[in-house]
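For reference, the structure discussed in these notes is given below.
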Amino acid sequence: MEQTWREFERRVEAACSKLNDELVRVAAQKPAVHCGLNKRYDIHIAERRQGGKSVVLDAKHFTTPLPKHEINTTLKYKTDGRASGVAVIVSATTTVLPAVHEHAAASKVAIITDNRNLASNIKKFVSQFMDC
């Protein structure tokens, strides 16, 4: 059975909950202002200290190829939230075309594909910026 976008977001949230709770805090659906609109980050992970580093994870679930503008939206989350890093987590049903991969690499937006090692892959990404 195919999952819905919300079920996929919950899977990403569950994978993030495996990070060390004493070192980082994980906020799912954290409120944010984006382009003058009230939005929500899918996942915001921050060090447990004032002024610490943070990363934003944006879960994307499409049955069609990932649109290039979604990378720009995620990149804007990084800028608006002053995050150290940002990644797009794509579901197994979402295809990422080579042009989108190139745009993401040029924009320094990591793309993590959902698989059985999702929690480990997220931890590897986050550990580039902070202890977790």
Side-chain angles (χ1 to χ4, degrees):
M1 185 168 104
E2 191 174 307
Q3 63 186 348
T4 65
W5 66 269
R6 185 61 189 134
E7 290 169 336
F8 176 63
E9 281 187 352
R10 285 191 185 118
R11 176 168 158 64
V12 173
E13 290 169 12
C16 291
S17 69
K18 294 181 167 84
L19 296 173
N20 187 335
D21 206 29
E22 292 181 13
L23 297 175
V24 297
R25 62 180 184 275
V26 177
Q29 301 299 318
K30 181 180 178 186
V33 176
H34 175 64
C35 296
L37 302 172
N38 290 327
K39 297 270 192 169
R40 293 187 177 273
Y41 296 137
D42 287 345
I43 307 283
H44 184 263
I45 302 170
E47 289 180 311
R48 288 196 172 274
R49 64 180 179 85
Q50 188 69 26
K53 295 178 182 175
S54 67
V55 296
V56 173
L57 304 179
D58 198 9
K60 301 291 183 187
H61 174 68
F62 291 92
T63 54
T64 58
L66 180 69
K68 189 176 181 179
H69 75 273
E70 294 292 341
I71 300 298
N72 296 334
T73 302
T74 304
L75 186 59
K76 187 80 171 120
Y77 287 154
K78 176 184 177 184
T79 306
D80 290 349
R82 297 180 308 217
S84 303
V86 65
V88 173
I89 315 291
V90 295
S91 67
T93 61
T94 304
T95 56
V96 182
L97 300 175
V100 176
H101 264 293
E102 290 168 10
H103 178 60
S107 303
K108 295 189 168 99
V109 175
I111 296 178
I112 301 171
T113 304
D114 182 22
N115 59 28
R116 62 186 176 89
N117 298 322
L118 183 61
S120 174
N121 292 338
I122 289 172
K123 185 173 182 172
K124 283 179 195 171
F125 170 74
V126 173
S127 65
Q128 294 175 42
F129 303 96
M130 63 187 86
D131 293 331
C132 59

Might you point out which heavy atoms bring [X] and [Y] nearest each other, and give the distance in Å?
X      : Y      : value
Cys16  : Val26  : O-CG2, 3.8 Å
Thr64  : Thr94  : O-CG2, 4.2 Å
Met130 : Lys53  : CE-O, 3.5 Å
Leu75  : Ser107 : CD1-O, 3.6 Å
Asn115 : Asn117 : OD1-N, 2.8 Å
Phe8   : Ser91  : CZ-N, 3.4 Å

Show your reasoning for whether side-chain contact (heavy atoms from CB on, under 4.5 Å) applies to Val109 and Val88. CA-CA 7 Å; Val109 175; Val88 173; 3.8 Å; yes

Run Arg6 and Glu13 through salt bridge (Lys or Arg N to Asp or Glu O under 4.0 Å) and show every step you take. CA-CA 10 Å; Arg6 185 61 189 134; Glu13 290 169 12; 3.1 Å; yes

If you round to the nearest 0.5 Å, how far is [atom2] of [Y] from [atom1] of [X]?
X      : Y      : atom1 : atom2 : answer
Ile89  : Asn121 : CD1   : CG    : 8.5 Å
Ile112 : Ile122 : CD1   : CD1   : 6.0 Å
Ile71  : Lys108 : CD1   : NZ    : 15.0 Å
Ile111 : Glu70  : CD1   : CD    : 11.5 Å
Leu23  : Arg49  : CG    : CZ    : 11.5 Å
His69  : Lys76  : NE2   : NZ    : 15.0 Å

Presence of salt bridge, Glu7 and Arg10, under 4.0 angstrom: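 No, this pair does not count.
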
If we check side-chain contact (heavy atoms from CB on, under 4.5 Å) with Val90, which of these qualifies: Val100, Thr95, Asp58, Leu66?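 Running side-chain contact (heavy atoms from CB on, under 4.5 Å) over Val100, Thr95, Asp58, Leu66 with Val90 returns exactly one hit, Leu66.
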
Side-chain H-bond candidate by donor/acceptor type, His61 with Asp114, under 3.5 Å: no

Side-chain (Thr93) to main-chain (Phe62) donor-acceptor, under 3.5 angstrom: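 Side chain of Thr93 to backbone of Phe62: a pair is present.
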
So Val12 and Leu118, do their side chains get closer than 4.5 Å, heavy atoms only? yes

Is any side-chain heavy atom of Phe125 closer than 4.5 Å to a side-chain heavy atom of Leu57?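 Phe125 reaches Leu57 side chain to side chain.
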
Begin with the C-alpha distance, continue with both residues' side-chain angles, and end with the deciding distance and a verdict on side-chain contact (heavy atoms from CB on, under 4.5 Å) for His101 and Val96. CA-CA 7 Å; His101 264 293; Val96 182; 3.4 Å; yes

